[in-house]
Amino acid sequence: MEKKLEQQPTDLLKIVLFGPESTGKTTLAKDLAKHYNTNWVPEYAREYLQAKWETTHKTCEPEDLIPIAIGQMALENKIAEQTKEILICDTDLLETKVYSEAYYIGSCDPVLEAYALKNTYHLYLLTYIDIPWEKDDLRDKPDQRDKMFAYFRNTLIKYDRNFVTLKGTRENRLKSAINAIENLKKNMIQFTDQDLEQLRQKGISKEKVLNQVETFKAGIPFVNLIAAAVLDKGINKYSTEEEKDLIALFQSKKESLQLLKFVPASGAASRMFKAMFNFIEAYDPKQKTLAAYIEEKGDKAVQKFVSGIKNFPFYEKIIAKIGEKDSDGAMAHAFVTYMLSNEGLNYGFYPKGLLPFHQYEDGSATPFEEHLKEAALYAASGKKANLHFTISPQHQEMFAEEEAAASPKINKKTGVVFNIGYSNQKPATDTLAVNLDNTPFRNQDGSILFRPGGHGALIENLNDVTADIIFIKNIDNVVIAKNLEAVANSKKMLAGVLLQVQEKAFDFAAKLEATEISSALLDEIANFLQQKLNVRFDTNFEQLTNLEKTAVLKAKINRPIRVCGMVKNEGEPGGGPFFIQDGDGNMSLQIIESAQINTDDNAQMDILNNSTHFNPVDLVCGVKNYKGEKYNLLDFVDSKQGFITGKTKEGKELKALELPGLWNGAMAYWNTIFVEVPLVTFNPVKTVNDLLKPTHQV
């Protein structure tokens, strides 16, 4: 079957008409084919189902979907062979996938789904429901047009398809479609053989590059904040007794569960030492005193560093090498130079995870080692703890050396055996950089410039691992030994929340598979989703039939679940918890960064200023469904929650694209629970001076 669903390679510009029934797709396909004097691919389902209706008086059934998909691709491939330049397609397999999920069986055959996502088209023309419904033998459910249009639109967004929405009269739609196609043709990138080889090596498709260009052109809209999540309105807070019960629940079940601690650790420490790099570049101790330099530059970072220099965990190590100097300025300059230079400790090259953070009596400890200590307390099952670190390829050997030193040491202290895995950010998740006119930025050798897609790219790495419960915590957020128990109890409490709500969610998900479901049970499930998983429903939900409600509830409950710790906002940087509303009016609970908010909008700023908590990146995740099958996490990403930033390279300005953040847009369609956790759980090290905070002093 796979071969029959495969799209044959072609250089044609392929345009797809996409949308619910009776929205003018076929009419527009014919009009476009006539305008461009080209061929169009009819909808095979019309022919297939009309024949079925005439012989059986039945409309489409689930068992018809695969034959329809096979017939559609055979027709497209045949007509493509007879076509030059532009091919107009009245439908594609992605539309079949939509009908399978939203209209028939609530899911999609995995092979059909694979090819629906693999087959590529340059532009989707999404037809709106503002033209009258035309009844025929095969069309039904005209009362679901709003719901179906939203599903079609969300599918295009979810899978990062390039699309425009067409509204109005037949003439207006044709004009808008032609404008969109002409813009596409005008801005098509002419890929050289060198470009194509570069894309092949990175695993990036031409379509992906074109979609990213369109994202730069369209821009990424600000989110629409509806309200800040606060205690009892989006954020849960548990009493001491409730916390004890949740911890006990986790403790009672953990030995039968597969646990994993996932640590994003790819970040280099160069930004952590930015102020120190500037210092050794700008300061010459032979020219002026340190005090004069600090007063002249107003360099508070250097002032703080020097005043606390003896409290850094690497102080003795550096002093032993550089010896005493004849002035404070010479000492500070020599100290920082040895700390950062290639001839010294070269800490500016190190990944954060391998720097000394804490100084104990028996030596210093890196964040890597501290994460092992934590994992032994809350992420171990059967005296075995699984950890996964995302790292940069150039640091692979360094992490292996640290593991060889730290793992046996912590095993001896805790009795826990550590199974540690590593992965790198995938080259295919790199994103295009463009010039200010949105054309691809090219390096001096003519190659296209791609940049790492940010921590949102790690959703791919997370998708490649599995466990019943996955703990996520940043590499630089670690605590000293005396605070380990408090952190471990907080994590166990969050895991208890997950298990508690997951048990009920799984029970309801199984019941939704029954042939007939009572109105009372549907109401109970909807209430659970609202009260426990912060799900919001469309205003017309109560007017739906029981069958329609069942489909909606299935889609809402069969999602990954994340329980996120939130700490009281005491001025630390970080994303915050908010209710937001998307372009289709859907409201959800999300972690939002300040860069996603329109700071020129007073109403939005009022909501931001009224927030009480922020996100310390403290997540406990359930990534399996009620059958124990792992979700494809890439299905739950909102591609429209990325970031466009300004950068420079070789003196030229450019625009860079960051993928939706791992705990932001990359988890936008997860079910979300926010829980207040103690401030002691949040100890990030963003600059070297953060190591001087009391929470990092042993």
If you look at every heavy atom in [X] and [Y], which pair is closest and at what distance?
X      : Y      : answer
Asn461 : Ser423 : ND2-OG, 2.8 Å
Leu692 : Gly308 : CD2-O, 3.3 Å
Gln425 : Pro452 : NE2-CB, 3.6 Å
Leu633 : Pro560 : CD2-CG, 3.9 Å
Pro684 : Asn477 : N-OD1, 4.0 Å
Cys564 : Leu619 : SG-CG, 4.0 Å

Examine distances only and state if a side-chain atom of [X] and a backbone atom of [Y] form a donor-acceptor pair shorter than 3.5 Å.
X      : Y      : value
Asn598 : Asp600 : yes
Glu255 : Gly382 : yes
Asn610 : Ile607 : no
Ser364 : His358 : no
Ser381 : Leu257 : yes
Glu369 : Glu402 : no
Ser392 : Gln394 : no
Asp601 : Gln604 : yes
Tyr626 : Glu503 : no
Lys630 : Asn463 : yes

Please round to the nearest 0.5 Å and tell me the distance separating atom [atom1] of [X] and atom [atom2] of [Y].
X      : Y      : atom1 : atom2 : value
Phe674 : Asn236 : CZ    : CG    : 10.5 Å
Thr429 : Asn424 : OG1   : CG    : 10.5 Å
Leu387 : Glu374 : CG    : CD    : 10.0 Å
Leu691 : Phe357 : CG    : CZ    : 5.5 Å
Trp663 : Leu458 : CH2   : CG    : 8.0 Å
Lys158 : Leu634 : NZ    : CG    : 10.0 Å

Q.
Checking salt bridge (charged side-chain N to carboxylate O under 4.0 Å, His left out) between Asp468 and each of Lys624, Lys253, Lys254, which is the one that passes?
A.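 Considering Lys624, Lys253, Lys254, a salt bridge (charged side-chain N to carboxylate O under 4.0 Å, His left out) with Asp468 is found only for Lys624.
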Crowded around [X] [atom1]? As in, over 12 foreign heavy atoms under 6.0 Å?
X      : atom1 : value
Glu242 : CD    : yes
Lys409 : NZ    : yes
Lys655 : NZ    : yes
Lys297 : NZ    : no

Problem set entry | Asn683/Thr695 under side-chain hydrogen bond (donor to acceptor under 3.5 Å, both in side chains): CA gap, chis, key distance, verdict | CA-CA 7 Å; Asn683 300 279; Thr695 50; 3.0 Å; yes
*asked:* Would Glu403 and Tyr422 count as a side-chain hydrogen bond (donor to acceptor under 3.5 Å, both in side chains) here? Give the steps.
replied: CA-CA 11 Å; Glu403 179 185 342; Tyr422 304 93; 2.6 Å; yes
Between Phe471 and Phe262, does the ring centroid distance fall short of 6.0 Å?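 No.
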ask   = Is the Phe305-Phe312 ring centre distance short of 6.0 angstrom?
value =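 Yes: the rings meet the under 6.0 Å criterion.
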Look at [X] together with [Y] and state whether they make a salt bridge at an N to O cut-off of under 4.0 Å.
X      : Y      : value
Lys304 : Asp299 : no
Lys412 : Asp362 : no
Arg451 : Glu658 : no
Glu243 : Lys492 : no
Asp232 : Lys237 : no
Lys491 : Asp618 : yes

For a side-chain hydrogen bond (donor to acceptor under 3.5 Å, both in side chains) check, start with the C-alpha distance between Gln590 and Ser588, then their side-chain angles and the critical distance, and finish with the verdict. CA-CA 6 Å; Gln590 303 287 343; Ser588 61; 3.0 Å; yes
- Cation over ring face, Lys556 and Tyr669, 6.0 Å, 45°: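 Geometry flag: not set, cation outside 6.0 Å or 45°.
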ask   = So Tyr347 and Phe273, would you call those rings parallel, tilted or perpendicular, with 30° and 60° as cut-offs?
value =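 It falls in the parallel class, under 30°.
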Practice prompt. Take the angle between the ring planes of Tyr631 and Phe636 and call it parallel below 30°, perpendicular above 60°, tilted in between.
Written response: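 Perpendicular.
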Between [X] and [Y], is any pair of side-chain heavy atoms under 4.5 Å apart?
X      : Y      : result
Met493 : Val677 : yes
His395 : Phe349 : yes
Val478 : Val685 : no
Ile597 : Phe222 : no
Phe389 : Pro264 : no
His613 : Val230 : no
Leu657 : Thr215 : yes
Trp670 : Val623 : yes

(request) Output, in order, the C-alpha distance, side-chain angles, deciding distance and verdict of side-chain hydrogen bond (donor to acceptor under 3.5 Å, both in side chains) for Asn569 and Thr612. (result) CA-CA 6 Å; Asn569 196 336; Thr612 57; over 6 Å; no
(message) For Lys473 and His371, which I'm curious about, is there any donor-acceptor pair between the side chains at under 3.5 Å?
(response)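 Lys473 vs His371: no donor-acceptor pair found between side chains.
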Do Asn419 and Asn386 get their side chains close enough for a donor-acceptor pair, meaning under 3.5 Å?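 The answer is yes; a qualifying pair exists.
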**Asked** In this structure, which one of Ile591, Asn671, Ile673 forms a side-chain contact (heavy atoms from CB on, under 4.5 Å) with Arg562?
**Response**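 Single side-chain contact (heavy atoms from CB on, under 4.5 Å) partner of Arg562 among Ile591, Asn671, Ile673: Ile591.
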| Derivation of the side chain to side chain contact (heavy atoms under 4.5 Å, CB included) call for Gln596 and Leu225 | CA-CA 10 Å; Gln596 296 176 270; Leu225 302 181; over 6 Å; no
TODO: Show your working on side chain to side chain contact (heavy atoms under 4.5 Å, CB included) between Phe614 and Met566 and close with a plain yes or no.
DONE: CA-CA 6 Å; Phe614 72 97; Met566 292 289 155; 6.0 Å; no
